[in-house]
Amino acid sequence: MWTLMKHPVFGRLFGAQVVALLGTGLLTVALGLLAFDLAGAAAGAVLGTAYAIKMVAYVGLSPVAGALVANLPRKPVLIMADLVRAAVALSLPFISEVWQIYLAIFLLQTASATFTPAYQATIPDVLEDEDDYARALSLSRLAYDLENLISPALAGLLLLMISYHWLFGGTVIGFAFSAFLIWGTLLPARQRAKDRPFRARLTRGVRIYLATPRLRGLLALTLTAAAASAFVIVNTVVVVRSGFGGTDGDVAIALAAFGGGSMIAALALPAMLKRLSDRPVMLTGAALLTVLMALQAFITVTWPVFLALWALLGLGYSATLTPQGKLLRRSAHAEDRQAMFTAQFALSHVCWLFTYPLAGNAMTAWGMGPTLGILAVVGAIGLTAALRLWPVGDPVIVTHSHDDLPDNHPHLAGGGHRHAHALVIDDEHHAWPTQG
């Protein structure tokens, strides 16, 4: 896996992702402590609302941003998004009201809704080999885990010496350095998509996504992952500070336990996915999340057991979501990758748009046990739906018949026949299979 770091383009892009996420991890810790200062025991509700606003920006604006930048050069798009994020992060230490948290989160995540899908769609063009790309996905998962592992640990050390307000400065540095690394990287040219009206570009990725069974299953699994991760992100500070009577450093340790479990899974997945297909691995991860949430709804745990359960939640979370890039890559042609990753970004965050406020407000109203019970039910719904929507033995290329299509369809000159292809959506807005 680590040999990919020697790749002249991927190595720098991965470095940009790491430093940006380190800064984001500091932001996560500092934002939770800021919310606790402003709202006390109601911090869970404040963070739930803040993260719901984040999801609104992701869901509502990422398709618009993706359509607007669909044929623009990648480098300036990525750099500008990083610089906007750095500018917003610079304002965070001066926040003194809850509504200011909400505004800053919306602006920050609007820029992220542009950056993240564009970044994710670039990697398959940089690494064309399937095994290399699978390793890159695990490395990317590890980078996200740094947000939950190294960043909280670093935050815990810094909090021994400085106020949490200074942690926001690390966020600014992370985004600025990410922009610098991307500026010095030669990115592959984007494979230009066909010229289509803005409305067609806006909806194309979603139509491809929802027409693909394996991706409908992925969306259902994302709901399960969102139920578990929403509780961890929104309520860890409340559980640790109010439930266990812990310190700011203990909050960082709990988040690090979740990230550590996720990192273990990410390191194991490349070898595991050579022996097993994506479906059983992802379903097992989702089942683990559901069982763990249900278990914690009915038992009272000590601090060491709590940390162990948080680590297991991280492991299940990573196993559920890390392979998703492989599913997206094999489900669209190169010119549609930007649209596909944007669709995944928007649709998946609908799940967090639902679970973040649910986790925060249920915790404030009823406490930890009932909240985890409710989220376990949500997780079970997602897991059950995935089992039904994602066919067993789902092949990379689907062989099927066109006998049911009209002879004059543009992809069927000559009548019905059988071939293998990836499913795409044509310009007439119909879900027709085309050879590819």
Side-chain angles (χ1 to χ4, degrees), residues 24 28 31-32 35 42-60 62 101-102 105-106 109 112-113 116 144 147-148 216-239 254-255 258-259 261-262 282-283 285-297 309-310 312-322 324 343-386 389:
T24 303
T28 300
L31 193 63
V46 171
L47 288 175
T49 303
Y51 286 116
I53 291 172
K54 170 182 174 179
M55 296 305 107
V56 169
Y58 281 177
V59 173
S62 59
I101 292 180
Y102 299 155
I105 288 294
F106 179 79
Q109 304 310 327
S112 293
T116 304
Y144 282 106
E147 182 180 345
N148 295 316
R216 294 198 295 269
L218 170 60
L219 185 59
L221 291 176
T222 302
L223 177 62
T224 302
S229 65
F231 187 90
V232 171
I233 294 171
V234 171
N235 291 319
T236 293
V237 63
V238 178
V239 173
L255 292 173
F258 179 81
S262 182
M282 298 170 72
L283 288 171
L288 177 62
L289 292 176
T290 303
V291 170
L292 288 172
M293 287 188 288
L295 178 66
Q296 292 179 85
L309 291 173
W310 246 229
L312 288 173
L313 282 171
L315 190 148
Y317 179 80
S318 182
T320 303
L321 291 188
T322 297
Q324 63 182 327
Q344 164 65 9
F345 189 79
L347 291 173
S348 64
H349 283 95
V350 171
C351 301
W352 278 279
L353 178 59
F354 169 65
T355 57
Y356 274 139
L358 175 62
N361 289 291
M363 183 71 171
T364 302
W366 301 308
M368 181 175 176
T371 301
L372 281 168
I374 293 169
L375 292 172
V377 172
V378 174
I381 291 172
L383 178 60
T384 302
L389 294 171

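Residue numbers run from 1 in the order of the sequence given.
The minimum heavy-atom distance between Ala297 and Gly373, with the atom names listed, is CB-N, 3.5 Å. In terms of heavy atoms, Met293 sits closest to Gly379 at CE-CA, 4.4 Å. Of all the heavy atoms in Ala113 and Ala57, the pair that sits closest is CB-O, 4.0 Å. Nearest heavy-atom pair across Ala230 and Thr355 is CB-OG1, 3.5 Å. The shortest heavy-atom contact between Val378 and Ala227 is CG1-CB, 4.1 Å. Closest non-hydrogen pair, Ala386 versus Leu283, comes out as CB-CD2, 4.0 Å.
Judged purely by atom type and a 3.5 angstrom limit, Asn235 uses its side chain to pair as donor or acceptor with the backbone of Ala359. In this structure a side-chain-to-backbone donor-acceptor pair under 3.5 Å is missing from Ser262 to Phe258. Within the 3.5 Å criterion, the main-chain N or O of Ser348 finds no donor-acceptor partner in the side chain of Thr222. Thr236 places a side-chain N or O within 3.5 Å of a backbone atom of Val232 that can act as its donor or acceptor partner.
Looking only at side-chain heavy atoms (C-beta outward), Met363 and Val234 stay at 4.5 Å or farther from each other. Considering only heavy atoms from C-beta on, Tyr317 stays 4.5 Å or farther from Leu288 through its side chain. A heavy-atom distance below 4.5 Å is not found between the side chains of Leu313 and Leu309. Using a 4.5 Å heavy-atom threshold, the side chains of Met282 and Leu218 count as touching. Residues Leu389 and Leu219 have side chains not in contact (no heavy-atom distance under 4.5 Å, counting atoms from C-beta outward). Looking only at side-chain heavy atoms (C-beta outward), Tyr356 and Ile233 come within less than 4.5 Å of each other.
Remark: the Thr116 side chain and the Ser112 side chain contain no N/O donor-acceptor pair separated by less than 3.5 Å.
To the nearest 0.5 Å, atoms CZ (Phe231) and CH2 (Trp310) are separated by 5.0 Å. One distance of note links CG of Leu353 with CG of Leu347; it measures 12.0 Å at 0.5 Å rounding. Interatomic distance, Leu372 CG to Leu295 CG, rounded to the nearest 0.5 Å: 10.0 Å. Separating the CG atom in Leu375 from the CG atom in Leu289 is a distance of 11.5 Å, to the nearest 0.5 Å. Put simply, OG1 on Thr320 and CG on Leu223 are 11.5 Å apart, with the number rounded to the nearest 0.5 Å. Rounded to the nearest 0.5 angstrom, Leu312 CG and Leu292 CG are separated by 5.5 Å.
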